[in-house]
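These notes concern the structure reproduced below.
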Protein chains: 2
Amino acid sequence: MVTINDIARQAGVSRTTVSRVLNASGYVSHEARKAVEQVIKDTGYVPSEHAKSLRLKRTKAVGVIIPRISTETTSRIVDGISRAVEEAGYHILLANSNLQPEKEIEHMQFLESRRVDGIILLATNREARVTEALQNLKIPAAVVGQDFEDASSVIFKDYEAAGAVVRQLIAAGKTRIGFIGVDDSDEAVGRRRRLAYEDALHEAGITPEAAWVQTAGFDLPSGEKAAERMLQECVEVPDAVFAVTDRLAAGAQHVFQQRGYRIPEEVQIAGMGGTEIAAYMSPPLWTADYQYEEAGEEAVRLLMEQIQSGKKKVEKSRISYRLLNTDRLS
Amino acid sequence: MVTINDIARQAGVSRTTVSRVLNASGYVSHEARKAVEQVIKDTGYVPSEHAKSLRLKRTKAVGVIIPRISTETTSRIVDGISRAVEEAGYHILLANSNLQPEKEIEHMQFLESRRVDGIILLATNREARVTEALQNLKIPAAVVGQDFEDASSVIFKDYEAAGAVVRQLIAAGKTRIGFIGVDDSDEAVGRRRRLAYEDALHEAGITPEAAWVQTAGFDLPSGEKAAERMLQECVEVPDAVFAVTDRLAAGAQHVFQQRGYRIPEEVQIAGMGGTEIAAYMSPPLWTADYQYEEAGEEAVRLLMEQIQSGKKKVEKSRISYRLLNTDRLS
DNA sequence: GGTAAACATGTGATCGATTCCACAACCTAT
DNA sequence: ATAGGTTGTGGAATCGATCACATGTTTACC
């Protein structure tokens, strides 16, 4: 592989001069510059990023820690990150935590060993160890999806968005509104969306039956089971169901359809996420869409601000939502 | 940031000894080893990968070039790559080409400058410049999705899979089978799947109406338009439609449903990809599923073989398919 | 008791870049 | 003529690791 010394030798100058040409710094005579440029062109020389990183203590790379790439949410956020990072002249080192918190921490350390300039964490929870690892980090970081106190974060307006979806069901005349949520350990999707549901109902003077409120996991079968429990335990059958993710909502819709309920006339199903699933089902689910790509871009902005200023700055961005309750295909 | 010299000083040994402890090489006395290990633990020292890469001329990283991350196919392949790469102790440097061939080439060069140990390219086409860039590469590479002559490739049994889907339609008694394809410049999805359709029909003694064969792009609205053209131009309405992707099939199904055709009794829609969309639609689409995760893992295997042997070896892997024509949720 | 092998540790070069500093021309103003 | 600025160039240190080689100390065996 061609190095700066090869260029220097072939151009008949010192490697200092080559470096000056490369970085457009210091004084270089016209002839020297031309000679160096010619040799670089001939050899197809590309400076080694490693040597540069070692010397300059910056890598022009940001680490991105994700829980599974193959979900629509994650991949859309990464898409946004990828675009913004590229624009800033940086690159992505990807680390997949496969939903294991230990892996998240392990990867933070690994990324530090790679001396990336910053880390973007797509967080799934706010476990103490993760918070701690985040604080111990010697490099800038930004978190997407959860609100960590001591770190810049991009958060989704979960409470507002979930509230808006539920209020829309209420506005459509629904009064027996069921709920399929996830565990409260997930602050954003679990706790905040549930609170929004409870508050919206309370606000409208509705008291839900206990059976209408169910807790599930994150996969579709889990949504189906929750819907089955709801139907089995309830006294009055709901005329609407709000599930905290589209996937769960899809599971619920399948169950209600199988049991012969007419959708959406008898029971309107609503989810959250604005995923393709929601639009492609028939009838389409009601849902709320986050601009995930924008969230990714925003995370990069928060990170770059820290990298460029050299200071660990804590800033929050809140990503808004959009209600989708018509077939967006038309 | 802590370096090997800091460890050496604090442990009262030379950096060589620290290096020996780190790499479990050469002779180290029990006391020296213990002292070093203690200091490493206290300081949380992690060796710099850059210094290592520079010295050892290997990075323990593989570059992955993708066209847009936010499609199910891509993200599932990347998921597989991520798992396998992790297992081998390597990491991923991600580069997004956003479907632009120039970017693909640009990124190959960039990844070389980062001195990655190998490159995995999720290829969208077989343009001459890409082929050329691939040949000029000084480091091992593996391609997923297209068959490049001079590179190890993981290819999907497109012809066989598409043929199987169509034959299944025929076996179900369908005789007026429409087709929604994409441009032939895409060898795998465009050309091979179309050939499979034509051959399967020919084999069954069916001659399709010209209007039954339509070409579309890759997005859902494009599939809808193709279906509309089909219905408008045809003499006899098809009793089945085979689209080369699930997304296009979803578009077609929407159109046929809107026009009042009973699905699947009057018209059976089939796609390819085995995506979630296919399963969540009602009725579900017929489709064929590739083990994309496995394809990603396989690509890593092909790449690692080259990296470890130090030789550029050309090997082909063919990924099989699975027919999905029942509601896979049940 | 002497010599060779095994054990233990350190010195200095090296990887490929950047950058501080020294030095040499050459010009210009006093 | 001399001091001082501008321009152009290269030597050598540096970043953080690995490794060939040198060197010193034990242990083992005849």
Side-chain angles (χ1 to χ4, degrees), chain A residues 1-37 39-40 43-61 89 109-117 138-139, chain B residues 1-37 39-40 43-61 89 109-117 138-139:
Chain A
M1 194 133 289
V2 192
T3 76
I4 197 171
N5 288 306
D6 301 328
I7 306 298
R9 199 174 336 103
Q10 287 181 47
V13 298
S14 75
R15 65 178 177 291
T16 309
T17 301
V18 177
S19 175
R20 277 199 268 267
V21 172
L22 250 31
N23 300 290
S25 65
Y27 296 109
V28 183
S29 67
H30 189 64
E31 303 91 70
R33 162 165 289 114
K34 275 189 68 175
V36 169
E37 278 168 352
V39 177
I40 289 179
T43 52
Y45 161 73
V46 191
S48 153
E49 281 298 325
H50 289 299
K52 262 182 157 149
S53 304
L54 180 58
R55 182 66 229 251
L56 299 175
K57 295 170 169 306
R58 61 126 193 74
T59 50
K60 285 271 173 186
Q109 279 158 6
F110 164 77
L111 290 170
E112 271 200 304
S113 92
R114 285 267 161 161
R115 309 295 194 259
V116 292
D117 294 338
K138 299 176 197 82
I139 52 178
Chain B
M1 195 131 289
V2 191
T3 76
I4 197 172
N5 287 304
D6 300 328
I7 306 298
R9 199 174 335 106
Q10 286 184 49
V13 298
S14 76
R15 67 183 180 291
T16 308
T17 301
V18 178
S19 175
R20 279 200 266 268
V21 172
L22 251 30
N23 299 291
S25 64
Y27 296 112
V28 183
S29 68
H30 188 66
E31 304 93 68
R33 161 165 288 114
K34 276 189 66 175
V36 169
E37 278 167 353
V39 177
I40 288 180
T43 53
Y45 162 72
V46 191
S48 155
E49 281 298 325
H50 290 297
K52 264 184 157 146
S53 304
L54 181 58
R55 182 66 229 249
L56 300 175
K57 293 171 171 306
R58 61 121 194 77
T59 50
K60 285 269 175 189
Q109 279 157 7
F110 165 77
L111 291 169
E112 271 200 304
S113 92
R114 285 268 160 159
R115 311 292 193 260
V116 292
D117 293 340
K138 300 177 196 79
I139 51 178

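Chain identifiers are assigned alphabetically (A, B, ...) following the order of the sequence lines, protein sequences preceding nucleic acid strands; residue numbering begins at 1 within each chain. Remember, it's a predicted structure, so these values are computed and weren't measured experimentally.
Here Asn5(A) lies out of heavy-atom contact (under 4.0 Å) with every strand. Residue Ser19(A) is in base contact, counting any heavy-atom pair closer than 4.0 Å across all strands shown.
Proximity of Lys57(A) to the phosphate of dT14(D): no side-chain N or O atom is located under 4.0 Å from OP1 or OP2.
For the pair Leu56(A) CG and dA17(C) C1', the interatomic distance rounds to 8 Å; values are reported in whole Å. We find that CZ of Arg114(B) is positioned 15 Å from C1' of dG16(C), with the value rounded to whole Å. Per the geometry, NE2 belonging to His50(A) stands 13 Å off C1' belonging to dA17(D), to the nearest Å. Atom-to-atom, CG of Leu22(B) to P of dC19(D) comes out at 12 Å; the value is rounded to the nearest Å. In this structure, Leu54(A) places its CG atom 14 Å from P of dT14(D), rounding to the nearest Å. Here dC19(D) presents its C1' atom at 10 Å from CG of Asn23(B), a figure rounded to the nearest Å.
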For nucleotides 4-10 of chain C, just jot down a letter per nucleotide in 5' to 3' order: B, S or -, based on protein non-hydrogen atoms under 4.0 Å.
---BBBB

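For the atom pair OG of Ser19(B) and CD1 of Ile7(B), the computed distance is 12.5 Å after rounding to the nearest 0.5 Å. One finds the OG atom of Ser53(B) at 8.0 Å from the CG atom of Asp117(B) (value rounded to the nearest 0.5 Å). In this structure, CG on Leu22(A) lies 6.5 Å from NZ on Lys52(A), to the nearest 0.5 angstrom.
With sequence neighbours left out, the side-chain contact (heavy atoms from CB on, under 4.5 Å) criterion links Glu112(A) to Leu137(A), Lys138(A), Ile139(A), Met1(B). Checked against ring-ring contact (aromatic ring centres under 6.0 Å, His included), Phe110(A) has the following partners two or more places apart in sequence or in another chain: His91(B).
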The test is side chain to side chain contact (heavy atoms under 4.5 Å, CB included); show your working for Arg114(A) and Thr59(A) and say whether it passes.
CA-CA 8 Å; Arg114(A) 285 267 161 161; Thr59(A) 50; over 6 Å; no

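In the set dG16(D), dT19(C), dA17(C), dA17(C) carries the atom at the smallest distance from any side-chain atom of Tyr45(A).
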